[in-house]
Protein chains: 2
Amino acid sequence: MELATIRDVAKRAGVAVSTVSRVINQSGYVGGETQRKVLSAMRELNFQPNRIARGLVSRQTSTIGLLIPDVANPFFSELSRGVEDAAIARGYSVLLCNSDWNPNRENMYINLLNGRWVDGIIVVGSRSDISVVQQVAAETPLVMVDRRSSDFEFAVWTDNRQGAMLAVRHLLEVGCERIVHIAGPMDSPSAQERRRGYEVAIQEAGMEPMFLEGDFRYASGFELVNALFQRGDVVDGIFAGNDLMAIGALQAAANLGIRVPDNLAVVGYDNIPSTHYVSPPLTTIDQPAYDMGYSAFELLYDRLSKDSPTENQQMKFEPKLVLRESTRR
Amino acid sequence: MELATIRDVAKRAGVAVSTVSRVINQSGYVGGETQRKVLSAMRELNFQPNRIARGLVSRQTSTIGLLIPDVANPFFSELSRGVEDAAIARGYSVLLCNSDWNPNRENMYINLLNGRWVDGIIVVGSRSDISVVQQVAAETPLVMVDRRSSDFEFAVWTDNRQGAMLAVRHLLEVGCERIVHIAGPMDSPSAQERRRGYEVAIQEAGMEPMFLEGDFRYASGFELVNALFQRGDVVDGIFAGNDLMAIGALQAAANLGIRVPDNLAVVGYDNIPSTHYVSPPLTTIDQPAYDMGYSAFELLYDRLSKDSPTENQQMKFEPKLVLRESTRR
DNA sequence: GACAAGATAGCAAGCGCTTTCACCTGCTTG
DNA sequence: CAAGCAGGTGAAAGCGCTTGCTATCTTGTC
């Protein structure tokens, strides 16, 4: 069955196309009787305005692009929910783009989104060359999440450095004397900041920093910690760059018969749901993923709806230490 | 900076608009020299064809809608990745829609997507009135995931009944004598099928079925099992309708000092990543979420690219029992 | 009773692209 | 040598909608 167009509706209702358009958009003057006729013609034909055509003339699509590394990662999937809930509340849809942490794929998506396909873009945890992102930002409103830069006016972020320091200081408080950091990949800005926070806090305590570089995935936490202990290194505290790697570390320790928290204290980062139910439950640094996503959209929406730049352009969330069994002593 | 249109490119290259269009689409005849001029004009103006305008005339958007209950649920986020990876490989983008298990929200999205916004739709785990969904299916190609119905020609699914029977028979094998089922919500078709499978397997064994109805979320598993044991019911096996509820059950048992698997065996459903690292690791029924998503897109793509209906319209995946510690005896 | 202002509706010009059709050139054919 | 055809290009007609402009008809006001 061919779909009805505005022309069909107009014909059926015996009015002009522009009149139908007015009742659809509730703009301009339309008489009561006319409106009724149009409405019922619309219903009879099961008319749905073509969003594409509409987008062409109005120059907006009520769609935004969400570019994240990986929805299958709990932190990002939670954040996505926040974005989507905020978007739907304002009548927007979201186009999902997984970069898989791959700068090429990220660039490809950025270019794709740039083709007047979306009204705005939210980029989360980007590792791309900042100039590419900026080029887009010149043409399409963009909000950066989790990567602060003086170059982006619109951003939501948490103080990763501060968060890392919270984690390390906590490990020190519970008496750790040799704390290793399982860092995220070094091309990730937030991984870098966390690493820096770790370094500062460790040096404050007069200790020697020690890093292992993972990739933010479960397996890398497992393997790095496994190798670490196999080598016979003496370590009594681990601060992982995210929860997934921390959980990997927990597993590796359990396999080797190392008792957590007694012989090894572990702290993660993100506070994903699994941290509740691993054994032992994981102490971690909370990042309010859902709220960050929600706010990112709101920021974008502000930018989209007002011509003048908003005053509220940056939104900072505070990382919080969440105490659980993995560091209880 | 105003974005360049195809007209600007044509003017700069000193050719007609139609010629530019030909080089963009690599269709028709274009001379070597002309092509070079157009290409360089495109580059100089940083031209990107407007996808909206293009969509209007070509009647396709290279975008599909993905309607799922909740991306924050690991099963669905994994499935989403599958869909997205398959889509990108074919040059498609995906519009993410979370229904939150809410039929109203689901209908709203279905209507939205129906506005010629997407070329096709993948609906996962729908609980909506089937007639609404079908009405869309008449206008937009649609693939159903996890809900089989003779009414939908295109579907990917697993045999939930069979999966549930696998789970229950396993519990019987390890010696359980009183097995309760924590079911998913009864308006979910897959929850119903699993429940039915449980029922059949239990009756085969000459036992009495016993149900509790949850909502597929962690908290409901926790609370139901907690209440169950608080009431003093004697139960030595639990088959949960999904892993999240099973993990909740595990936690409740741990809190009450009930030892798993010794005094209580637990089986989940889905095989989400967390099942590896809960304690004890959870025996579960594997559903290949990623592959299901991937296949769902491929099915849709087939349908989209060929006019004639494909032969391969249904795709069935086999549920598999995954043995872990939570039932080891 | 004349007239400005408000209500109501139609006409037509695009939005940026694709695609048909017509037209040109220069060769190959029977 | 007329006809046919592949190669190359442009003009123009839309795709389905919004919107500025115009034309008509009601009102209310002095």
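Throughout, protein chains are lettered first and strands after them, A, B, ... in sequence-line order, and every chain is numbered starting at 1.
Below the 3.5 angstrom threshold, one finds no donor paired with an acceptor across the side chain of R59(A) and the base of dG16(C). With hydrogens and angles ignored, a donor-acceptor pair closer than 3.5 Å exists between the side chain of R22(A) and the base of dG10(C).
Distance alone, capped at 3.5 Å, is enough to place a donor-acceptor pair between the N25(A) side chain and the S21(A) backbone. The closest donor-acceptor contact from the side chain of N98(B) to the backbone of D100(B) lies at 3.5 Å or more, if one exists at all. Judged by distance alone, with hydrogens and angles left aside, the side-chain atoms of T63(A) form a donor-acceptor pair with the main-chain N or O of T61(A) at under 3.5 Å. Remark: side-chain polar atoms of D187(A) are not paired, donor with acceptor, to backbone N or O of R127(A) under 3.5 angstrom.
One finds no side-chain N or O of R7(A) lying less than 4.0 angstrom from the OP1 or OP2 phosphate oxygen of dG16(D). For dG8(D), neither phosphate oxygen OP1 nor OP2 lies less than 4.0 angstrom from any side-chain nitrogen or oxygen of Y29(B).
A heavy-atom distance below 4.5 Å is found between the side chains of Q287(B) and F75(B). Contact check for F317(A) versus W157(A): no side-chain heavy atoms found under the 4.5 Å cut-off. Here the side chains of Q313(A) and V156(A) are not in contact, with every heavy-atom distance at 4.5 Å or above.
Overall bending of the helix from dG1(C)-dC30(D) to dG30(C)-dC1(D), expressed as the angle between end axes built from five pairs apiece, is 50° (10° steps).
Atom CD in Q60(A) sits about 17 Å away from atom P in dC17(D), given to the nearest Å. The separation between L56(B) atom CG and dG14(D) atom C1' is 9 Å, rounded to whole Å. Taking atom NZ of K11(A) as the reference point, atom P of dC17(D) lies 14 Å away to the nearest angstrom. Here the P atom of nucleotide dC17(D) and the CD1 atom of I52(B) are 14 Å apart, to the nearest Å. Atom CH2 of W117(B) is separated from atom P of dC15(D) by 19 Å (rounded to the nearest Å). Here dT19(D) presents its P atom at 12 Å from CD1 of I24(A), a figure rounded to the nearest Å. Straight-line distance from the CD atom of Q48(A) to the C1' atom of dC17(D): 15 Å, rounded to whole Å. D8(A) has its CG atom 13 Å from the C1' atom of dC15(D), to the nearest Å.
Within the structure, side chain to side chain donor-acceptor pair (under 3.5 Å) pairs that include any residue of residues 65-77 of chain A comprise D70(A)-R81(B) (at least two apart or interchain).
Ranked by how close their nearest DNA chain D nucleotide is to the 5' end, V57(B) and V30(B) are led by V30(B).
Here the rule is side chain to side chain contact (heavy atoms under 4.5 Å, CB included) with V9(A), and of R43(A), M42(A), E44(A) only M42(A) fits it.
Residues Y294(A) and A89(A) share a closest heavy-atom pair of OH-CB, 4.3 Å. Of all heavy-atom pairs between R51(A) and S62(A), the closest is NH2-CB, 3.6 Å. Across all non-hydrogen atoms, the minimal contact from V145(B) to L79(B) is CG1-CD1, 4.2 Å.
Minimum atom distance to the side chain of N25(B) is reached by dT18(C), of the listed dT18(C), dG16(D), dC17(D).
Residues from residues 33-43 of chain A with heavy atoms under 4.0 angstrom of DNA chain D: there are none. Only V17(A), S18(A), S21(A), listed by number, bring a heavy atom of residues 14-21 of chain A to less than 4.0 angstrom from any atom of DNA chain D.
Ring orientation note: the planes of W101(A) and F216(A) are tilted relative to one another, at an angle of 30° to 60°.
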Side-chain atoms of residues 30-40 of chain A: list all donor-acceptor pairs with protein atoms under 3.5 Å, sequence neighbours left out, distances to 0.1 Å.
from	atom 1	to	atom 2	distance (Å)
E33(A)	OE1	R36(A)	NH1	2.7
S40(A)	OG	K37(A)	O	3.2

Produce the list of close N/O pairs, under 3.5 Å, pairing protein atoms with atoms of nucleotides 24-27 of chain C; give distances to one decimal.
none

